[in-house]
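Read through the structure below, which is laid out as structure tokens, and then see the notes.
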Amino acid sequence: MFQALLIDKTDAGYGCALTELADDRLPAGEVTVRVSHSTLNYKDALAITGRSPVVRQFPMVPGIDLAGTVEASDDPRFQPGDAVLLNGWGVGEVHWGGLAQRARLKADWLLPLPAGLTAWDAMAIGTAGYTAMLCVMALQAHWAAQGVAPGAGDVLVTGAGGGVGSVAIALLARAGHRVVASTGRPHEADYLQALGAAEVIDRATLAAPGKPLQKERWIGVVDAVGSHTLANACASTRYGGAVAACGLAQGMDFPATVAPFILRGVTLYGIDSVMAPLARRRTAWQRLAAELDRALLARMTRTIPLADAIAAADDVLAGRVRGRLVVDVNA
């Protein structure tokens with residue numbers, strides 16, 4: 001038997017509860033993992049609360065991330081005792097996920113835990129931090145092709161107080177960039193500056209409808225917000241600059257024009273973390289292990305027990321959570 005959050009949808013309605021399950025309830029897969037830690041991401045919060053149709057099969061164990069130890073494997077790439085992690089691949093949406101003490105998964109979805117990272121570290125990073133690194137990788141490749149050096153101009157990070165934003169700030173500042181953090185929580189300015197932000201601006205300056213072309217400022221943008229924020233970020237990106245879009249906290253719409261793209265040569269990169277190929281995932285995780293300051297990671301992270309994850313989902317959606325939430329599934 002093991003404990004898990006279980007979402008179900010019946011005639012009585014949609015609900016999520018902490019449940020004890022038998023091992024024979026686990027879905028098909030080549031590798032069984034004893035989970036030690038998971039996370040609570042924005043998508044997990046949507047799944048737990050049912051505020052968006054994230055879950056597509058019922059019943060479902062949520063949790064798009066997990067880290068733990070292999071218990072049994074039918075795949076030669078993994079042996080009992082191996083430390084592994086997982087992000088995405090539809091886990092927590094169409095296949096039982098990581099907010100549980102045990103998971104059974106396809107071997108193709110797993111990565112060995114990178115050297116130097118603990119399971120807690122990996123989940124403190126989680127999909128949010130891994131997505132932030134994918135954004136940084138896209139921007140750095142763009143800048144390299146353009147001959148743009150670190151420090152050549154400001155880099156904007158929106159949704160800065162969240163998990164993606166927090167990790168993006170730490171990574172970009174460490175690489176030598178001047179980072180401007182956009183947030184709706186001005187009381188978090190000291191926290192954002194401690195992560196490496198040189199300047200903190202109110203998200204209201206970007207969140208309302210704006211002009212198709214605005215004063216050029218950013219050489220690059222990491223955007224986790226979408227909607228008018230993304231449109232304004234593109235409109236104020238410098239000639240030849242780039243925007244990495246990875247989120248939709250403000251909305252899925254993109255109320256913009258083609259002007260920044262055809263008049264300033266701005267490039268918009270869409271960043272998908274769910275189905276990214278293994279080679280890109282390995283590179284991202286190896287770089288996170290090497291480049292992300294562990295002290296900053298600890299500063300941006302709070303750990304909660306599995307039983308508290310349901311209540312915490314409302315806090316995540318309301319923007320009351322700073323940085324990252326690690327879930328200790330055995331606490």
Side-chain angles (χ1 to χ4, degrees), residues 1-8 18-41 43-44 47-48 54-131 133-134 272-286 288-289 306 309 326-330:
M1 304 290 289
F2 64 97
Q3 287 195 319
L5 298 190
L6 190 69
I7 298 170
D8 209 352
L18 181 62
T19 308
E20 191 168 49
L21 299 170
D23 286 3
D24 61 12
R25 294 285 303 277
L26 288 167
E30 298 92 8
V31 183
T32 302
V33 177
R34 178 174 290 278
V35 181
S36 64
H37 296 83
S38 184
T39 70
L40 195 64
N41 295 286
K43 184 181 284 187
D44 299 321
I48 288 169
V54 170
V55 177
R56 286 168 277 172
Q57 294 182 16
F58 297 92
M60 178 59 59
V61 173
I64 63 175
D65 293 332
L66 64 85
T69 305
V70 173
E71 280 194 332
S73 175
D74 295 327
D75 188 288
R77 289 173 290 179
F78 298 99
Q79 302 298 321
D82 288 350
V84 294
L85 67 87
L86 177 144
N87 308 105
W89 297 115
V91 170
E93 302 174 67
V94 296
H95 187 99
W96 282 17
L99 287 167
Q101 294 173 327
R102 193 166 281 114
R104 186 169 292 139
L105 307 151
K106 290 187 177 181
D108 287 343
W109 297 342
L110 293 170
L111 285 176
L113 188 69
L117 291 183
T118 66
W120 186 93
D121 292 336
M123 293 298 95
I125 295 167
T127 283
Y130 152 67
T131 301
M133 177 55 87
L134 293 178
D272 167 60
S273 63
V274 177
M275 303 303 291
L278 280 171
R280 192 178 307 155
R281 289 170 183 264
R282 290 192 190 97
T283 298
W285 277 102
Q286 287 164 359
L288 285 161
L306 183 61
V326 169
V327 180
D328 183 340
V329 300
N330 298 300

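FYI, the numbering just counts along the sequence from 1.
Seen from the ring of Trp89, Arg281 counts as a face-on cation partner, given the 6.0 Å and 45° thresholds.
With Asp65 contributing its side chain and Thr127 its backbone, the two residues share a donor-acceptor pair below 3.5 Å. Here the side chain of Ser38 pairs no donor or acceptor atom with the backbone of Met123 at under 3.5 angstrom. Side chain of Arg34 to backbone of Gly81: no donor-acceptor contact under 3.5 angstrom is found.
Interatomic distance, Lys106 NZ to His95 NE2, rounded to the nearest 0.5 Å: 8.0 Å. Atoms CG and CE, from Asp24 and Met1 in turn, are 8.5 Å apart once rounded to the nearest 0.5 Å. Note that CG of Leu99 and OG1 of Thr39 are 7.0 Å apart. Values are rounded to the nearest 0.5 Å. Separating the CZ atom in Arg77 from the CD atom in Glu30 is a distance of 8.0 Å, to the nearest 0.5 Å. Atom CG of Asn41 and atom CD1 of Ile64 lie 4.0 Å apart (nearest 0.5 Å). Residue Trp109 holds its CH2 atom at 10.5 Å from CG of Leu66, rounded to the nearest 0.5 Å.
Residues Val61 and Pro27 fail the side-chain proximity criterion, which asks for heavy atoms closer than 4.5 Å. Taking the side chain as every heavy atom from C-beta outward, Leu111 and Arg282 approach each other to under 4.5 Å.
Residue Pro59 comes nearest to Leu6 through the heavy atom pair CB-CD1, 3.9 Å, listed as atom of the first residue, atom of the second, then distance. Nearest heavy atoms, Ala100 versus Ala4: CB-CB, 3.4 Å. When all heavy atoms are compared, the tightest approach of Gly116 to Asp121 is O-OD2, 3.9 Å. Contact record, Val31 with Ser73: CG2-OG, 3.8 Å, taken as the closest heavy-atom pair. Among all heavy-atom pairs drawn from Ile48 and Ala309, the shortest one is CD1-O, 4.2 Å. Looking at every heavy atom in both residues, Val91 comes nearest to Gly97 through CG1-CA, 3.2 Å.
Relative orientation of the Tyr130 and Trp285 rings is parallel, given thresholds of 30° and 60° on the angle between their planes.
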For this session: Go through the steps for Leu86 and Val84 under the test side chain to side chain contact (heavy atoms under 4.5 Å, CB included), then give the verdict.
Result: CA-CA 7 Å; Leu86 177 144; Val84 294; over 6 Å; no

Exercise. Given Phe78 and Val33, is the side chain to side chain contact (heavy atoms under 4.5 Å, CB included) satisfied, shown in steps?
Worked result: CA-CA 10 Å; Phe78 298 99; Val33 177; over 6 Å; no

For this session: Start with the C-alpha gap between Ile125 and Leu117, add the side-chain angles, then the distance that decides, and say whether side chain to side chain contact (heavy atoms under 4.5 Å, CB included) holds.
Result: CA-CA 10 Å; Ile125 295 167; Leu117 291 183; 4.2 Å; yes

Problem set entry | Stepwise side chain to side chain contact (heavy atoms under 4.5 Å, CB included) test for Asp328 and His37 | CA-CA 5 Å; Asp328 183 340; His37 296 83; 4.1 Å; yes

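Checking each of Thr19, Asn330, Asp23 against Phe2 for a side chain to side chain contact (heavy atoms under 4.5 Å, CB included) leaves exactly one that passes, namely Asp23.
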